[in-house]
Amino acid sequence: MGYDHQAIESRWQAHWQEHRSFEVEIDPKRPKFYVLDMFPYPSGNGLHVGHVEGYTATDIIARYKRMRGFNVLHPMGWDAFGLPAERYAMKTGRHPEQTTAENCANFRSQLQRLGFSYDWSREVNTTDPGYYKWTQWIFLQLWGSYYDRDRQCARPIEELPIPDELRAQGPAAVAAYQDGRRLAYLQDSPVNWCPDLRVVLANEEVAEVVDAGHEVVRKPMKQWMLRITEYAERLLADLEGLDWPPHVLEIQRNWVGRSEGGEIDFGIVGHDDTLTVFTTRPDTLYGATYMVLAPEHPLVDTITTDAQRSAVAAYVDATLHRTERDRQSASIEGIKTGVDTGARARHPLTGEAIPIWIADYVILGYGTGAIMAVPAHDERDHAFAKAMGLPIIQVVAPEHEVDVQAEAFVGEGVAVNSPAIDGLPTLRAKAKMLEHLGEQGCGRTRVTYKLRDWLFSRQRYWGEPFPLVHEPDGTVRAVTELPVELPPMSDFDPSETGEPPLSKAAEWVQMPDGSMRETNTMPQWAGSCWYFLRFVDPTNSSLPWSKEAESYWMPVDLYVGGVEHAATHLLYSRFWQKVLFDLGHVSEPEPFRRLVNQGIILGAIFVPTDPARERDEEGRKRIFVQDDVETHEEDGQVHYTLRATGEALRVQWDKMSKSRGNVVNPDHAVETYGADAVRMYEMFMGPLEQSAPWQTEGLAGIHRFLQRVYRLFFEEGEGDQADRLRPLAEGEGSERQRKLLHRTIDEVTDRLDRMSFNTAISSLMVFVRDVVPRGDDAGNEPLPHGAAAQFAKLLAPLAPHLAEQLWEALGHPGSLASESWPQADPALLQEETFTLVIQVNGKRRGELEAPKSASKDELAALARATDEVSKYLDGREPKRVIVVPGRLVNFVG
RNA sequence: GCCCGGGUGGUGGAACCGGUAGACACGGGGGACUUAAAAUCCCCUCCGCAAGGGUGCGGGUUCGAGCCCCGCCCCGGGCACCA
């Protein structure tokens, strides 16, 4: 019969399911290990091999840690709210609830066929009212809190101190005061609106949508915002101490975008208003020759002179209608536009009147939305000054000559033309200037962040409803009865003006008491911001999670997923975790201790070798898939040609995508080669973090290895007879076999600890190759029973089905999953001799077997006596002899 | 432009703390078994006939560099009017 992967795999999958092998409970006596995958959006296309890579890695770790005695939490669920289900529904008329349920079932069975050891009793689904009840509950925690800047933590809104004069103005004033400080608040301001998708987007989402070819414009709308900016400093500081890839830490730091500088107040000629700017270069204040406000800046209206009013209005209007793409490309080309408001600012030190402009290179949301422009020392200001003919004054002098009229000098130097700070180097000049301004009462140090508040409402149907109602008097009230369920609807099209689909559910919106429900829904991130918390206690109906479960299981010890979530999901999750931490709902300020990003699995496409033929008549790229291509070899080189015409092609490895047609579905591979082979191949391709091409030949190679393993244990039965376990030797076998076994145990253990799965597999391959002598000596050292059993255990995390089969055949009842991990005997890892490399002048000239116990002098003497050394020293006495015990001897002469 | 990664055989990749470069596979070549093929097993496979040369290129440190330092080139990713 041979290695029948289908029979073996379905048998053990059924066994695990039947025996609930991977279900876990809190056990304070045992150390816990929480290993988590980024849960998938269950799309209609099903799982692809890219998902499988990350899931296999976590499964190996989960199984390994179980065998090492840890109580392992390894759950899976579905991030099932989102736009695709809704769009699919619009196309086909099938309700998202229906398609989502089907897709989840499909994903689950695909995952089960791969033999992943998830605790399925903990499965969660973000679209389940029993789940999103708690998403809504967390939202109400945010809505019900404010950020106490003195204590640097969130506190219930009831604890917000109300100034006496406000209290005197009555409850409406108090409510407005509170609403202005809640961590969730309504804001009426320009948002990123995508007319194609009819949806508003968070800042983090804009780039992706623009890349997909959609327009994004800025449009004023009333939106729910989350005050993530209050957490900027903590989101930054707490990155310290996380075991995350440096790359992801950098992305997070970039998003938070901390910068230190100062605020400077400018008076406005003829007005009482103060114009405050943020700058990182207060030392260049004397070089400020004009001011720039963001077009949306609230002061624009007040200060614009009548002569300039129409020009300013036109510019503001144009800015609002410019797309993000426009502004991006303008920035790359360095094109600057703007309009003079006619107003003049009073320089705080010189008293000079300098013009105030508006320009869209200044952004309302950053700093104060206004800048002092120092064209001599800022490239953008320089470009603008050149374009508008504004003066450029040098106030920083580097060691070498610079011409600031031609080009901005942005580096450090010594302050010049700056009476208050002349002669000071930049760093000290900055501090001195702020100190000086502080004394005058017109400046202070300040830290700003690029991070903006998080736009949290979407005009979609398939998302969590906000648990809020609007009273007729305009106040907002929380709904205490959760969940607020989505009303059944069949028409989800948002209106062109951006009215959410839920506004059409008239009966649902209208509350009996006359108030109206909020009709926006939450973004897809909401459900994924806290799912790792729900997994610790997924069926709790009275609490989102019990204190006990949370403090036992959290934080996540290992989190594996794609790097595409580095800015969004991870930042948002950390933010929610911190709010929950402040309010005492969780015990840790950071949710994910260790993060690993799996690489992308690449699929093959074929393109013409001839560059002239890369595109067809219509200018489209000509790409072909495996099925179009014929492969043949010549001189050991593989050549590809187009089957139809014989045209020469070359292979190109590209990210798998449906449009390119190079997606590999794991189901087919599982059927042909088996789940164990697919899992092992994905790990054998290379380091987990690295991208690698999917090559069927490699998968077949792993399959062959598993067949070899099978044959190592079993001999084929004759006729209808089942395969039989080979006659095994007692114990761990010969000295050679024992040494090999214990070296393998040692290596595999070390390599799994380092998540170096490809090299762990190579250790197993060496064991299988060498444990039983081949050829004529085959009968001399049969496979020993003890070694076979320990090998089965080593194989278990990587190829769990086959490992179970082997374990059972060795006479062990039950599953191997809860057996203990083998331990290497240190005595057997010690070799008595080693290969001593002999070098002369750093070049390798020979080697010999030397005893481990030999002293440096003895090693040198052994090496000195060899013919090679005499030959290459050619009669000279070595000037120096370097001996590295256990490694080499080098004669320098 | 700035900031992170990374460049090792025909291919995927090994190489711990600066100490035998190319483990383990894929592909290729040769052989055994077979009437034959498949499957399986065995041997060879960085380049070179050899001396020797080889880890993107040029230099440096060192007895010794894939690994450390300096200067480039290329690939991947992130950020990008953030004052």
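Just so we're on the same page: letters track the sequence lines, and every chain starts at 1.
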### Non-hydrogen atoms of A:Arg281 and A:Val410 that approach each other most closely
NH1-O, 3.3 Å
### Query
Across all strands, who's sitting opposite B:C41 as a Watson-Crick or G-U wobble pair, both distances under 3.5 Å?
B:G31
### Query
B:G27 and B:G12: how far apart are their P atoms, nearest whole angstrom?
15 Å
## Note on the structure
The glycosidic conformation of B:C42, counting syn as within 90° of 0 and anti otherwise, is anti
### Message
Under 4.0 Å, heavy atoms only, any strand: does A:Arg845 hit a base, just the sugar-phosphate, or nothing?
### Response
sugar-phosphate
### Check against side chain to side chain contact (heavy atoms under 4.5 Å, CB included), A:Leu595 and A:Leu242
CA-CA 8 Å; A:Leu595 176 75; A:Leu242 292 183; over 6 Å; no
### Query
So what does A:Leu888 hit on the nucleic acid, given a heavy-atom distance under 4.0 Å: a base, only sugar-phosphate, or nothing?
base
### Summary
Per the under-4.0 Å heavy-atom filter, residues of residues 682-689 of chain A near RNA chain B come out as A:Phe684, A:Met685, A:Pro687
### Message
Test side chain to side chain contact (heavy atoms under 4.5 Å, CB included) on A:Ile882 and A:Gln839; report intermediate values, then the result.
### Response
CA-CA 9 Å; A:Ile882 287 130; A:Gln839 294 183 336; over 6 Å; no
### Query
Closer to the 5' end of RNA chain B via nearest nucleotide, is it A:Arg704 or A:Ser756?
A:Ser756
### Query
Contact class for A:Arg751 vs. all strands (heavy atom < 4.0 Å): base, sugar-phosphate, or nothing?
nothing
## Note on the structure
Partner of B:U11 under the Watson-Crick or G-U wobble criteria, both distances under 3.5 Å, comes out as B:A25
### Task
Could you check how far CH2 of A:Trp244 sits from P of B:G77, rounded to whole Å?
22 Å
### Task
In whole angstrom, give the distance that lies between atom CD of A:Gln695 and atom C1' of B:G13.
11 Å
### Contacting residues from residues 257-266 of chain A, given that a heavy atom lies under 4.0 angstrom of RNA chain B
A:Ser259
### Query
B:C70 and B:U61: how far apart are their P atoms, nearest whole angstrom?
15 Å
### Task
When you get a sec, tell me which of B:G12, B:A15, B:C41 is the closest nucleotide to the side chain of A:Arg754?
B:A15
### Task
Could you work out the separation of B:C67 and B:G54 based on their P atoms and round it to a whole Å?
13 Å
### Task
Check A:Leu602 against A:Met656 and note the closest heavy-atom contact, atom names and distance.
O-CE, 3.8 Å
### Query
How many Å lie between CG on A:Asn254 and C1' on B:C4, as a whole number?
9 Å
### Task
Would you mind telling me which of B:C41, B:A14, B:C81 lies closest to the side-chain atoms of A:Thr759?
B:A14
### Query
Which is true for A:Asn890 with a 4.0 Å heavy-atom rule: it touches a base, it touches only sugar-phosphate, or it touches nothing?
base
#### Entry: Phosphate OP1/OP2 of B:G64: any A:Arg887 side-chain N/O under 4.0 Å
no
### 5' precedence on RNA chain B between A:His247 and A:Thr368 (nearest-nucleotide basis)
A:His247
### Integer-rounded Å distance: B:G54 C1' and A:Lys843 NZ
11 Å
### Query
Under 4.0 Å between a side-chain N or O of A:Arg880 and OP1 or OP2 of B:C63?
yes
### Task
Anything under 30° is parallel, anything over 60° is perpendicular, the rest tilted; go ahead and classify A:His703 against A:Tyr3.
tilted
### Task
Give the nucleotide from the list B:C63, B:A23, B:G78 with an atom nearest to the side chain of A:Ile882.
B:C63
### Task
Classify the nucleic acid contact of A:Thr448 as base, sugar-phosphate or nothing, counting any heavy atom under 4.0 Å across all strands shown.
nothing
### Query
Where the side chain of A:Lys336 is concerned, which of B:C41, B:A15, B:C81 is the nearest nucleotide?
B:C81
### Query
Among B:C41, B:A83, B:A23, which nucleotide sits nearest the side chain of A:Arg711?
B:C41
#### Entry: Whole-Å C1' distance, B:A38 and B:C46
32 Å
### Task
Rounded to whole angstrom, note down the C1' distance from B:U34 over to B:G48.
39 Å
### Query
If you look at every heavy atom in A:Met291 and A:Val277, which pair is closest and at what distance?
CE-CG1, 3.6 Å
### Query
Ignoring hydrogens and geometry, is there a side-chain-to-backbone donor-acceptor pair from A:His377 to A:Val395 under 3.5 Å?
yes
### Summary
For B:A36, the nucleotide meeting Watson-Crick or G-U wobble distances (both under 3.5 Å) is none
### Query
Say you pick atom C1' in B:C68 and the same atom in B:U55; how far apart are they, in whole Å?
16 Å
### Query
What integer distance in Å separates A:Glu296:CD from B:C81:C1'?
13 Å
### Distance below 4.0 Å between A:Gln707 side-chain N/O and B:U40 OP1 or OP2
yes
### Query
Taking all atoms of both residues into account, what is the closest heavy-atom pair of A:Asn890 and A:Gly842, and its distance?
OD1-N, 3.1 Å
#### Entry: A:Leu236 side chain near A:Arg253 side chain, heavy-atom distance below 4.5 Å
yes
### Query
What interatomic distance, in whole Å, is found between C1' of B:G29 and the corresponding atom of B:U62?
42 Å
### Message
For a quick check of understanding: with a heavy-atom distance under 4.0 Å over all strands, which category does A:Val766 fall into, base, sugar-phosphate or nothing?
### Response
sugar-phosphate
### Summary
Scanning both residues in full, the closest heavy-atom pair of A:Tyr290 with A:Asp381 reads OH-O, 2.9 Å
### Summary
Of the candidates B:A83, B:C81, B:C63, the side chain of A:Val892 sits closest to B:C63
#### Entry: Same-atom distance (C1') from B:A65 to B:C17, integer angstrom
14 Å
### Task
Check the distance between B:C24's P and A:Arg708's CZ and give it to me in whole angstrom.
12 Å
### Task
Both distances under 3.5 Å, Watson-Crick or G-U wobble: report the partner of B:G5, or none.
B:C75
### Message
It should be established whether A:Asn758 places a side-chain nitrogen or oxygen under 4.0 Å from OP1 or OP2 of nucleotide B:A14.
### Response
yes
### Query
Where does B:G9 land, syn or anti, once you apply the within-90°-of-0 test for syn?
syn
### Query
Would you find more than 12 non-hydrogen atoms of other residues, nucleotides or ligands less than 6.0 Å from A:Glu407 atom CD?
no
### Summary
CG of A:Leu235 to OG1 of A:Thr229, rounded to nearest 0.5 Å, is 10.0 Å
#### Entry: Distance, rounded to the nearest Å, where A:Gln839 contributes CD and B:U20 contributes C1'
8 Å
### Task
Just call it for A:Gln690: base, sugar-phosphate, or nothing, with non-hydrogen atoms closer than 4.0 Å on any strand.
sugar-phosphate
### Task
With the side chain of A:Arg844 defined as its heavy atoms from C-beta on, choose the nearest nucleotide among B:C4, B:U20, B:C79.
B:U20
### Message
Heavy atoms only, 4.0 Å cut-off, all strands: where does A:Glu250 land among base, sugar-phosphate and nothing?
### Response
base
### Query
Counting only Watson-Crick or G-U wobble pairs whose two distances fall under 3.5 Å, which nucleotide matches B:G18?
none
### Test item: A:Tyr710 side-chain N/O and A:Asp4 main-chain N/O as donor-acceptor pair under 3.5 Å
no
### Message
If I compare all heavy atoms of A:Phe757 with all of A:Leu752, which pair ends up nearest, and what's the gap?
### Response
CD2-CD2, 3.8 Å
### Query
Counting only side-chain N and O atoms of A:Arg769, is one of them less than 4.0 Å from OP1 or OP2 of B:C24?
yes
